[in-house]
Asks: 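Pasting a structure below so you can have a look.
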Amino acid sequence: MTTATLNSPIKALYRIPEAMSLLSLSRSVIYEQIRAGRLRTVQQGRTRLVPAAAITAYVDLLEQEATEGDTR
């Protein structure tokens, strides 16, 4: 998945398995990041969905953390 695709998503909301695929993370890591408040989700009925903007924000957060780690 390229950054261009993340910046202009085809869908507005992704189910957890789709977010797992987009982010290349396991189910347990996805839910861990949700619990930690690092990956925002919404609920529609009983379905937990990840907004496309939340996926982009999560990737931006990871890039920011990587950059901050390089400045030591």
Asks: Could you state the interatomic distance from CD (Gln43) to CZ (Arg48), rounded to the nearest 0.5 Å?
Replies: 4.0 Å
Asks: Return the minimal non-hydrogen interatomic distance between Arg40 and Ala54, and the atom names on each side.
Replies: O-CB, 3.3 Å
Asks: Nearest 0.5 angstrom please: Leu61 CG to Glu65 CD, how far?
Replies: 4.0 Å
Asks: Might you point out which heavy atoms bring Val50 and Ala19 nearest each other, and give the distance in Å?
Replies: CG2-CB, 3.9 Å
Asks: With hydrophobic residues grouped by side-chain heavy-atom distances under 4.5 Å, do Val42 and Tyr31 end up in a single group?
Replies: no
Asks: Output yes when a side-chain donor or acceptor of Gln33 lies under 3.5 Å from a complementary backbone atom of Ile30, and no otherwise.
Replies: no
Asks: Which of these passes side chain to side chain contact (heavy atoms under 4.5 Å, CB included) with Tyr14: Ile55, Leu23, Leu49?
Replies: Ile55
Asks: OH of Tyr58 to CG of Leu25: how many Å apart, nearest 0.5 Å?
Replies: 5.0 Å
Asks: Answer yes or no: does atom CZ of Arg15 have more than 12 heavy-atom neighbours from other residues, nucleotides or ligands under 6.0 Å?
Replies: no
Asks: Going by salt bridge (charged side-chain N to carboxylate O under 4.0 Å, His left out), name the residues that satisfy it together with Glu32, two or more places apart in sequence or in a different chain.
Replies: none
Asks: Does Ile16 form a side chain to side chain contact (heavy atoms under 4.5 Å, CB included) with Met20? I'd like the steps, not just the answer.
Replies: CA-CA 6 Å; Ile16 296 299; Met20 290 167 49; 4.0 Å; yes
Asks: Hey, are the side chains of Arg38 and Leu62 touching, using non-hydrogen atoms and a 4.5 Å cut-off?
Replies: yes
